[in-house]
Amino acid sequence: MKVLKKYLYLILTGCAILAIIIVIMLKNGIDNNSITPYVPMNEETVEFLNYDKNCFWTNHYLKYEDTEYSSLVGIDVSEFQDTIDWKKVKDDGVDFAFLRIGRRGATTGLLYDDTEFENNYKGAKENNIPIGVYFFSQAINDSEIDEEVDFVLNALKGKEINLPIVFDLEEVYVSEGTPRANDMSKEEKTARALRFCTKIEENGYKAMIYTGLYWAENSYDMEALSDFPVWFAHYGVDYPGLEVPFEIWQYSNTGKVDGIDGDVDLNIMFIRKSDQSE
């Protein structure tokens, strides 16, 4: 009986200690407002990390720094930025760029080249700025997704990119006509994104999904898309509010970069310090 009591005491003591440890860990997580993006760039070493909102800082651009991780500065551009002086962009501290490669018309359903893509690709390449591309989709069925994938692959023939091909499906507001993709269900939107990204990766590229907070919570099944990295847009906040992992945070749509007239989207990519030195 004494032996039984001794073991019971040890078990209860162990449980109490474990409970205390769990409470402390949860409290630290809440106090630090930790969030969990992916480590980008190296597919073989992708992992989750927790980081503290207090490690964000601003010096012209938003940055992140702790003992293990730092960040890269990025922009995304299209024909709306007109002609860009990419040398000035590079000299102003931009580390990477996503270029719009094309789009589908929200009301016409037609495919369009981005009129500045070729110039932007050439300028970024000449200035050794790593490049990714994104396609603005308004596809409403599988055949249109296949058409968009083919469009992107054809436009990239003979070109090299360092970063993913991004699927960008958004709700559209127009003064005339009816946006064709706005009324799709959550299941349909998720299926469009899944098909695009799967086909892109079947062709040897890395695929990524662009989303905002409302879209992630209401228009996509993020669990169903969890095999693909996320580029997350959330403006006017001190730190991002997405509760699923992401690689890139688009934190402003009113950024200023030398070499670009007017506003430009600004992004921060989280990266291990060891990856930067490789």
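Both backbone and side-chain heavy atoms feed into the values below; hydrogens, waters and symmetry mates do not.
Annotation: cation-pi geometry satisfied between R103 and Y112 (NZ/CZ under 6.0 angstrom from ring centroid, within 45° of ring axis).
For E201 (side chain) and T198 (main-chain N/O), no donor-acceptor pair under 3.5 Å exists by modelled atom type. Proximity of a side-chain donor or acceptor of T58 to a complementary backbone N or O of Y61 within less than 3.5 Å is not detected. The main-chain N or O of F270 is never found under 3.5 Å from a side-chain atom of S71 such that the two would form a donor-acceptor pair. A donor-acceptor pair under 3.5 Å is formed between the side chain of Y251 and the backbone N or O of L62. Counting only distance, with no hydrogens or angles, the side chain of D114 and the backbone of L99 share no donor-acceptor pair below 3.5 Å. Of the possible donor and acceptor atoms, one in the side chain of W249 sits under 3.5 Å from a partner among the backbone N and O of H234.
Legend: residues meeting salt bridge (charged side-chain N to carboxylate O under 4.0 Å, His left out) with E187, ordered by chain and number and at least two apart, are absent. With sequence neighbours left out, R180 forms a side chain to side chain donor-acceptor pair (under 3.5 Å) with E144. Listed by chain and residue number, nothing satisfies the salt bridge (charged side-chain N to carboxylate O under 4.0 Å, His left out) test with E217 (two or more places apart in sequence, or in another chain). Evaluation of the side chain to side chain donor-acceptor pair (under 3.5 Å) rule for D146 yields R195 as partners, not counting sequence neighbours. Looking at residues two or more places apart in sequence or on another chain, you find a salt bridge (charged side-chain N to carboxylate O under 4.0 Å, His left out) between R192 and D142. Annotation: side chain to side chain donor-acceptor pair (under 3.5 Å) contacts of D238 (sequence neighbours excluded): none. When the ring-ring contact (aromatic ring centres under 6.0 Å, His included) test is applied to F196, the partners found at least two apart in sequence or on another chain are F167. Residues satisfying the side chain to side chain contact (heavy atoms under 4.5 Å, CB included) criterion with A155, sequence neighbours excluded, are I101. With sequence neighbours excluded, no residue forms a side chain to side chain donor-acceptor pair (under 3.5 Å) with K186. Evaluation of the side chain to side chain contact (heavy atoms under 4.5 Å, CB included) rule for F96 yields L72, F98, P130, L163, I248, N267, M269 as partners, not counting sequence neighbours.
Counting heavy atoms from C-beta on, the side chains of N119 and T83 never come closer than 4.5 Å. Between E116 and V77 the shortest side-chain heavy-atom distance does not fall below 4.5 Å. Two residues are said to be in side-chain contact when any heavy atoms from C-beta on lie closer than 4.5 Å; I268 and V73 fail this criterion. Looking at heavy atoms from C-beta onward, D76 lies in side-chain contact with Q250 at the 4.5 angstrom threshold. Contact annotation: the side chain of F135 never approaches that of V149 to less than 4.5 Å [non-hydrogen atoms, C-beta and beyond]. When side chains are defined from C-beta on, Y69 counts as touching Y64, because their heavy atoms get closer than 4.5 Å. In this structure, the side chains of S226 and V244 stay at 4.5 Å or more apart for every pair of heavy atoms. A heavy-atom distance below 4.5 Å is not found between the side chains of V166 and V133.
Separation of atoms OH (Y134) and CZ (R100) is listed at 5.5 Å; rounding is to 0.5 Å. Rounding to the nearest 0.5 Å places NZ of K189 at 13.0 Å from CG of L225. Residue Q138 holds its CD atom at 9.0 Å from OG1 of T107, rounded to the nearest 0.5 Å. We find the NZ-CG distance between K122 and N127 to be 10.0 Å, quoted to the nearest 0.5 Å. Atoms CD1 and CD1, from I165 and I200 in turn, are 4.0 Å apart once rounded to the nearest 0.5 Å. We find the CD1-NZ distance between I161 and K206 to be 12.5 Å, quoted to the nearest 0.5 Å.
Counted within 6.0 Å of CG on N154, heavy atoms from surrounding residues, nucleotides or ligands total more than 12; the atom is thus considered enclosed. Y235 OH: more than 12 foreign heavy atoms inside a 6.0 Å radius.
Linking ILVMFWY residues whenever their side-chain heavy atoms come closer than 4.5 Å, directly or via other members, leaves Y210 and F136 in distinct clusters. Taking hydrophobic clusters as Ile, Leu, Val, Met, Phe, Trp and Tyr residues chained together by side-chain heavy-atom distances below 4.5 Å, V237 shares a cluster with F246.
Closest approach of F232 to G212, counting heavy atoms only: CE1-C, 3.7 Å. Nearest heavy-atom pair across S70 and E65 is CB-OE1, 3.4 Å. Between V257 and L266 the shortest heavy-atom distance is CG2-CD2, 3.8 Å. P179 and V172 get closest at one heavy-atom pair: CG-O, 3.3 Å. Considering all non-hydrogen atoms of both residues, S185 and E188 come closest at N-OE1, 2.8 Å. Scanning both residues, I84 and I260, for their nearest heavy atoms gives CG2-CG1, 3.8 Å.
When only modelled atom types and interatomic distance are considered, T115 and E79 share a side-chain donor-acceptor pair under 3.5 Å. Side-chain contact check for W86 and N120: at least one donor-acceptor pair (N or O, by modelled atom type) lies under 3.5 Å.
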Practice prompt. Show your reasoning for whether side chain to side chain contact (heavy atoms under 4.5 Å, CB included) applies to I209 and C197.
Written response: CA-CA 8 Å; I209 293 167; C197 291; 3.6 Å; yes

Item to complete: Would you sort out whether L169 and Y220 count as a side chain to side chain contact (heavy atoms under 4.5 Å, CB included), showing the intermediate values?
Response: CA-CA 10 Å; L169 175 62; Y220 275 153; 3.6 Å; yes

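Residue pairs meeting the salt bridge (Lys or Arg N to Asp or Glu O under 4.0 Å) criterion with at least one member in residues 254-271, sequence neighbours excluded: K256-D263. Annotation: salt bridge (Lys or Arg N to Asp or Glu O under 4.0 Å) contacts involving residues 148-177, sequence neighbours excluded, comprise R104-E148, E118-K159, K125-E160.
A salt bridge links K87 and D91; the closest N-O separation between the charged side-chain nitrogens and carboxylate oxygens is under 4.0 Å.
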